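Here is the structure we will look at, set down as structure tokens.
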Amino acid sequence: MTTTRYAGRVRAARPHLLELLATRPTWHADDLRAASELEEPVLQELLSDLLGDGTLRQRFIDPSRAVATGATYSLNTSLAAPALPPVLSPLQQKVMAYVVGRKVTLGDIGSAVNCPRSDLIEVLAFLESHDLVTCRYIGHLPIFSQR
């Protein structure tokens, strides 16, 4: 939990933001900011806390299809009962094998598995949607790791 000067407001806003997050499968940061009506520093600290404790996930967005920039968030559904793992294609298996134990970018993975960017984006979106990899953004740069 945050210990900054916004800590009280962050704690007070947490239940409201969790209720709001539960109303959609994913939220773009700008939509979340507008709907929550929280001040930017309070929202950022709250999102950071929720990401840190595993309640919230940043979602991977196909950059070629993204209409807006910035992070997209969803409640972490992988905390629920695990589903059966999907059957992976050979390319998906290669990507998973490379990501294990690492924090890597799209470029790192593409170079390692010798895969076109468009195919790699599809693979990563599939793996992320099945909770096999996780994506964290540093600015606009997605960083992938094993879930």
Side-chain angles (χ1 to χ4, degrees), residues 1-86 88-89 91-92 95-110 112-113 115 117-147:
M1 183 58 92
T2 187
T3 58
T4 68
R5 67 182 192 184
Y6 301 107
R9 287 188 267 174
V10 167
R11 276 191 297 279
R14 185 180 175 107
H16 169 67
L17 190 65
L18 289 172
E19 280 181 25
L20 186 61
L21 285 161
T23 62
R24 287 193 208 166
T26 59
W27 281 86
H28 187 272
D30 294 338
D31 296 337
L32 201 51
R33 187 174 302 107
S36 70
E37 298 179 352
L38 293 172
E39 297 173 62
E40 181 67 23
V42 174
L43 179 61
Q44 287 306 313
E45 285 193 35
L46 183 49
L47 291 173
S48 179
D49 284 352
L50 293 171
L51 287 166
D53 70 15
T55 303
L56 190 66
R57 289 184 60 189
Q58 281 186 315
R59 304 305 295 207
F60 175 62
I61 306 168
D62 178 346
S64 65
R65 295 184 185 154
V67 278
T69 58
T72 300
Y73 301 94
S74 68
L75 288 175
N76 190 353
T77 57
S78 66
L79 299 175
L84 292 174
L88 301 180
S89 71
L91 180 56
Q92 291 166 340
V95 170
M96 279 301 302
Y98 182 73
V99 170
V100 171
R102 295 183 171 109
K103 293 183 179 187
V104 291
T105 65
L106 274 167
D108 296 336
I109 300 167
V113 300
C115 174
R117 183 179 173 92
S118 59
D119 292 347
L120 185 57
I121 286 171
E122 245 179 70
V123 166
L124 287 166
F126 175 85
L127 295 174
E128 199 263 346
S129 71
H130 285 85
D131 294 326
L132 297 172
V133 298
T134 187
C135 176
R136 292 287 302 251
Y137 281 84
I138 298 177
H140 294 289
L141 180 67
I143 306 293
F144 297 90
S145 59
Q146 183 183 17
R147 186 97 185 117

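Predicted, not measured: the structure shown is a model, and the values here were computed from it.
Every residue two or more places apart in sequence or in another chain that forms a side-chain hydrogen bond (donor to acceptor under 3.5 Å, both in side chains) with Glu39 is listed here: Arg9. Residues meeting the side-chain hydrogen bond (donor to acceptor under 3.5 Å, both in side chains) test with Ser48, sequence neighbours left out: none. Residues satisfying the side-chain hydrogen bond (donor to acceptor under 3.5 Å, both in side chains) test with Glu40, not counting sequence neighbours, are Arg33, Gln44. Residues meeting the ring pair (Phe, Tyr, Trp, His ring centres under 6.0 Å) test with Phe126, sequence neighbours left out: His130. Residues satisfying the side-chain hydrogen bond (donor to acceptor under 3.5 Å, both in side chains) criterion with Glu128, sequence neighbours excluded, are Arg57, Arg59.
Ionic pairing of Arg14 and Asp49 is not present here: no N-O contact between side-chain nitrogen and carboxylate oxygen is shorter than 4.0 angstrom.
For the pair Ile109/Phe144, a side-chain contact is recorded, criterion being any heavy-atom separation below 4.5 Å from C-beta on. Between Pro25 and Ser74 the shortest side-chain heavy-atom distance does not fall below 4.5 Å. Side-chain contact between Asn76 and Leu56 is absent, with no heavy atoms from C-beta onward closer than 4.5 Å. You'll find the side chain of Leu88 reaches within 4.5 Å of the side chain of Leu127, heavy atoms only. Annotation: side chain of Leu132 is not in contact with side chain of Gln146 (no heavy-atom distance under 4.5 Å). Side chains of Leu18 and Leu75 form a contact here, defined as non-hydrogen atoms less than 4.5 Å apart. Contact annotation: the side chain of Val99 approaches that of Val104 to within less than 4.5 Å [non-hydrogen atoms, C-beta and beyond].
The backbone N or O of Tyr137 lies less than 3.5 Å from a partner atom in the side chain of Gln58, making a donor-acceptor pair. Judged purely by atom type and a 3.5 angstrom limit, Trp27 has no side-chain atom pairing as donor or acceptor with the backbone of Ala22.
With rounding to the nearest 0.5 Å, the separation of CG in Leu32 from CD in Glu37 is 12.0 Å. Atom OG1 of Thr23 sits about 7.5 Å away from atom CG of Leu21, to the nearest 0.5 Å. Atoms CG and CD1, from Leu124 and Ile121 in turn, are 8.0 Å apart once rounded to the nearest 0.5 Å.
Pairs engaging residues 99-108 under the salt bridge (charged side-chain N to carboxylate O under 4.0 Å, His left out) rule: none recorded [sequence neighbours left out].
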(message) Let's go through Leu47 and Tyr73 carefully: what are the C-alpha distance in whole Å and the side-chain angles of both, what is the deciding distance for side-chain contact (heavy atoms from CB on, under 4.5 Å) to 0.1 Å, and is it a yes or a no?
(response) CA-CA 9 Å; Leu47 291 173; Tyr73 301 94; 3.9 Å; yes
- Task: Take Leu51 and Arg136, measure what side-chain contact (heavy atoms from CB on, under 4.5 Å) needs, and give me the verdict at the end.
- Result: CA-CA 9 Å; Leu51 287 166; Arg136 292 287 302 251; 4.0 Å; yes
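A pairwise comparison of heavy atoms in Leu120 and Cys115 identifies N-SG, 3.6 Å as the closest pair. Taking all atoms of both residues into account, the shortest heavy-atom contact from Ser36 to Leu17 is CB-CD1, 4.0 Å.
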